[in-house]
Amino acid sequence: MKYVLVTGGVVSGLGKGVTASSIGVVLKACGLRVTSIKIDPYLNTDAGTMSPFEHGEVFVLDDGGEVDLDLGNYERFLDVTLTKENNITTGKIYQSVLDKERKGDFLGKTVQVVPHITDAIKERIESVAHVPVDGKEGPADVCVIELGGTVGHDNFCLIHVSLIPVLGVVGEQKTKPTQHSVRELRALGLTPHLLACRSAQPLLDNTKQKLSQFCHVPAANILNIHDVPNIWHIPLLLRNQNAHHSILKQLDLLSIATPPDLEAWTRMAETFDNLTDSVRIAMVGKYVGLTDSYLSVVKALLHACIACSLKPSIDWIAASDLEDDSAELAPEAHAAAWKTLRNAECVLVPGGFGDRGVSGMILAAKYARENNVPYLGICLGMQISVIEYARSVLGFERANSAEYCNAQYVDERHRHRYEVNPDIIEVLEEAGLKFVGKDETGKRMEVLELPGHLFYVGVQFHPEFKSRPGKPSAPFLGTFTVHR
């Protein structure tokens with residue numbers, strides 16, 4: 001097994017996940033089988049209980065694992081199916097070591113960070129890396145790891161992602177932050193083989209030479225990931241700078257690799273750049289202040305829009321701003337939210353938890369239903385459409401939603417499960433709302449639609465987690481097909 005380790009320095013949010021994913025795309029384009037691991041330093045065993053405000057979206061895998069959103073990038077870019085084991089956390093490692101200690105596996109010895117925790121990290125990386133994720137038998141050729149873990153020399157390539165800021169009116173590209181970052185890395189016993197430099201504009205030759213001189217990295221191994229029109233250009237940037245050659249050389253894989261075939265990927269990136277017809281999408285949710293909370297939904301919208309030759313224009317609406325109380329407490333925000341909603345060509349209500357903003361979501365669903373505006377409700381968004389229909393059409397003024405956790409999974413990915421009350425399904429269907437998809441027991445409603453409406457669909461599952469570039473999710477695709 002060969003390992004590519006991607007670390008980051010200077011500041012957070014540089015795009016280590018996209019860089020790691022893009023490296024995987026280029027290596028896969030060279031004919032190699034690729035898997036991915038994300039190592040997170042937090043003590044939580046997984047991301048399931050973490051606030052979207054603090055951590056961004058919780059991504060759900062096929063095995064039900066609730067993990068870091070970067071695993072969503074890996075799945076979308078590499079078109080693989082990962083497991084919860086592909087997200088290693090400090091909490092998982094410590095828990096596994098402590099469980100062994102309780103069972104007496106260490107034969108009464110004192111358990112310490114070195115060697116017990118460090119050994120557990122290495123063992124976990126090696127075991128997870130050998131699990132196939134691309135539907136084929138046997139392990140992959142290369143495992144791309146984001147953040148931590150070190151093994152071997154000829155089997156190991158370290159890529160350090162760092163920021164090259166521009167300061168002053170002369171616009172000088174500063175290398176000092178990266179120099180300091182590399183120095184700290186070396187102090188930990190890690191020497192980067194390649195630098196991936198993030199910058200607004202392409203690196204100047206003298207900047208690259210200075211980085212090479214002071215960071216002791218060959219100029220050919222200094223990659224520049226400058227700002228691009230969309231993230232699908234990142235693998236192309238890497239390919240154009242021969243990143244694959246440097247990585248393959250370090251891993252001693254040049255003999256089995258082929259020239260990178262990124263023709264389809266290039267076509268996809270350029271198609272998005274050239275889209276002209278836009279569609280306005282109102283995203284009505286709780287966490288609109290932090291768009292990473294809905295990252296997979298945004299990506300799924302993009303995949304579906306491109307398939308329909310449309311450019312997505314997302315208008316974020318805080319659900320609480322639509323509510324009647326907001327008209328008195330924040331009249332300007334209330335008016336702006338309703339203006340945005342009325343200008344939308346599609347309405348989407350994504351998943352969420354708790355009752356904050358529910359009244360506003362219900363108003364958004366009602367507006368879409370009554371005005372024949374395409375509506376897609378996901379998880380909570382489906383429940384919202386049922387509540388709104390029960391209240392407005394059936395007159396059930398006290399209709400509401402109660403969370404129903406269930407570990408069963410169907411052919412799509414769920415997080416926490418809600419259930420439509422079986423006692424009112426027949427009444428709802430007689431009134432015109434149709435439940436057209438159920439789980440394997442035939443008792444839990446999974447998909448609803450409103451016949452006669454341009455497009456009014458609610459799904460209990462999260463279709464955004466299985467959407468891929470070039471393979472858009474059906475519920476998202478249907479939302480925009482009516483605009484073609």
Side-chain angles (χ1 to χ4, degrees), residues 15 17-36 57 59-62 69-82 86 132-136 140 144 228-240 244 258-279 281 294-314 346 348 376 378 411-413 455 457 459 461-484:
V18 173
T19 301
S21 302
S22 299
I23 289 165
V25 168
V26 177
L27 294 177
K28 186 178 177 182
C30 291
L32 301 174
R33 291 175 61 199
V34 179
T35 185
S36 296
E57 171 189 79
F59 190 80
V60 181
L61 299 168
D62 255 15
L69 58 83
D70 279 320
L71 274 77
N73 281 325
Y74 303 157
E75 284 206 339
R76 283 186 289 268
F77 271 53
L78 298 172
D79 194 16
V80 294
T81 303
L82 302 175
N86 291 84
V133 295
D134 56 4
K136 301 176 183 177
V144 179
V228 288
N230 68 73
I231 61 170
W232 292 338
H233 282 278
I234 304 298
L236 306 179
L237 266 184
L238 294 173
R239 186 270 317 273
N240 294 343
H244 55 287
T258 61
D261 178 11
L262 287 167
E263 185 178 343
W265 195 274
T266 303
R267 197 160 53 243
M268 182 174 66
E270 292 178 348
T271 296
F272 181 36
D273 290 345
N274 295 321
L275 292 175
T276 53
D277 295 334
S278 65
V279 56
I281 305 154
Y294 300 115
L295 183 65
S296 291
V297 175
V298 173
K299 299 299 182 187
L301 285 171
L302 177 60
H303 303 159
C305 281
I306 288 178
C308 296
S309 299
L310 293 168
K311 189 172 187 176
S313 176
I314 301 175
C346 306
L348 197 153
L376 176 60
I378 298 172
D411 60 341
E412 290 273 0
R413 300 178 183 180
F455 185 89
V457 172
V459 294
F461 50 87
H462 284 267
E464 67 270 23
F465 293 138
K466 297 191 89 167
S467 181
R468 301 282 184 271
K471 300 176 184 176
S473 167
F476 284 88
L477 188 60
T479 310
F480 304 109
T481 302
V482 295
H483 285 279
R484 296 183 72 176

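We're numbering straight along the sequence, starting at 1. In this text, all values refer to a predicted model and were calculated from it rather than measured experimentally.
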Closest contact, heavy atoms only, [X] versus [Y]:
X      : Y      : value
Leu82  : Glu75  : N-OE2, 2.9 Å
Phe476 : Phe480 : O-CD1, 3.2 Å
Leu78  : Val25  : CD2-N, 3.5 Å
Phe272 : Pro312 : CE1-CD, 4.3 Å
Ser467 : Ala300 : OG-CA, 3.6 Å
Leu238 : Ser22  : CD1-CB, 3.7 Å

Q.
Run the side chain to side chain contact (heavy atoms under 4.5 Å, CB included) test on Thr479 and Leu348 for me, step by step, so that the C-alpha distance in whole Å, both residues' side-chain angles and the decisive distance to 0.1 Å come before the verdict.
A. CA-CA 9 Å; Thr479 310; Leu348 197 153; over 6 Å; no
Q.
Parallel, tilted or perpendicular, judged at 30° and 60°: which one describes the rings of Trp232 and Trp265?
A. perpendicular
Q) Is any side-chain heavy atom of Ile231 less than 4.5 Å from a side-chain heavy atom of Phe77? A) yes
Q) Do Leu477 and Cys308 come within less than 4.5 Å of each other through their side chains, counting heavy atoms only? A) yes
Drop me the distance from [X]'s [atom1] to [Y]'s [atom2], to the nearest 0.5 angstrom.
X      : Y      : atom1 : atom2 : value
Leu262 : Arg239 : CG    : CZ    : 5.5 Å
Ile234 : Thr19  : CD1   : OG1   : 6.5 Å
Ile306 : Lys311 : CD1   : NZ    : 10.5 Å
Glu270 : Leu236 : CD    : CG    : 7.5 Å
Glu57  : Asp70  : CD    : CG    : 10.5 Å
Leu302 : Leu310 : CG    : CG    : 11.5 Å

Q: Would you please test Ile281 and Cys305 for side chain to side chain contact (heavy atoms under 4.5 Å, CB included) and show each step?
A: CA-CA 11 Å; Ile281 305 154; Cys305 281; 4.3 Å; yes
Q. Yes or no on side chain to side chain contact (heavy atoms under 4.5 Å, CB included) for Phe465 and Asp62, after CA distance, side-chain angles and deciding distance?
A. CA-CA 9 Å; Phe465 293 138; Asp62 255 15; over 6 Å; no
Q: Using atom types as modelled and distance alone, determine if a side-chain donor or acceptor of Asn86 lies under 3.5 Å from a backbone N or O of Ser36.
A: yes
Q) Quick one: does Ser313's side chain have a donor or acceptor within less than 3.5 Å of a partner on Val279's backbone? A) no
Q | All side chain to side chain contact (heavy atoms under 4.5 Å, CB included) counterparts of Asp79, not counting sequence neighbours | A | Lys28, Arg468, Lys471
Q: Would you check, one step at a time, whether the test side chain to side chain contact (heavy atoms under 4.5 Å, CB included) holds for Glu464 with Ile378?
A: CA-CA 9 Å; Glu464 67 270 23; Ile378 298 172; 3.7 Å; yes
Q.
Could you tell me if Arg76 and Ser21 have a donor-acceptor pair between their side chains, going purely by distance under 3.5 Å?
A. no
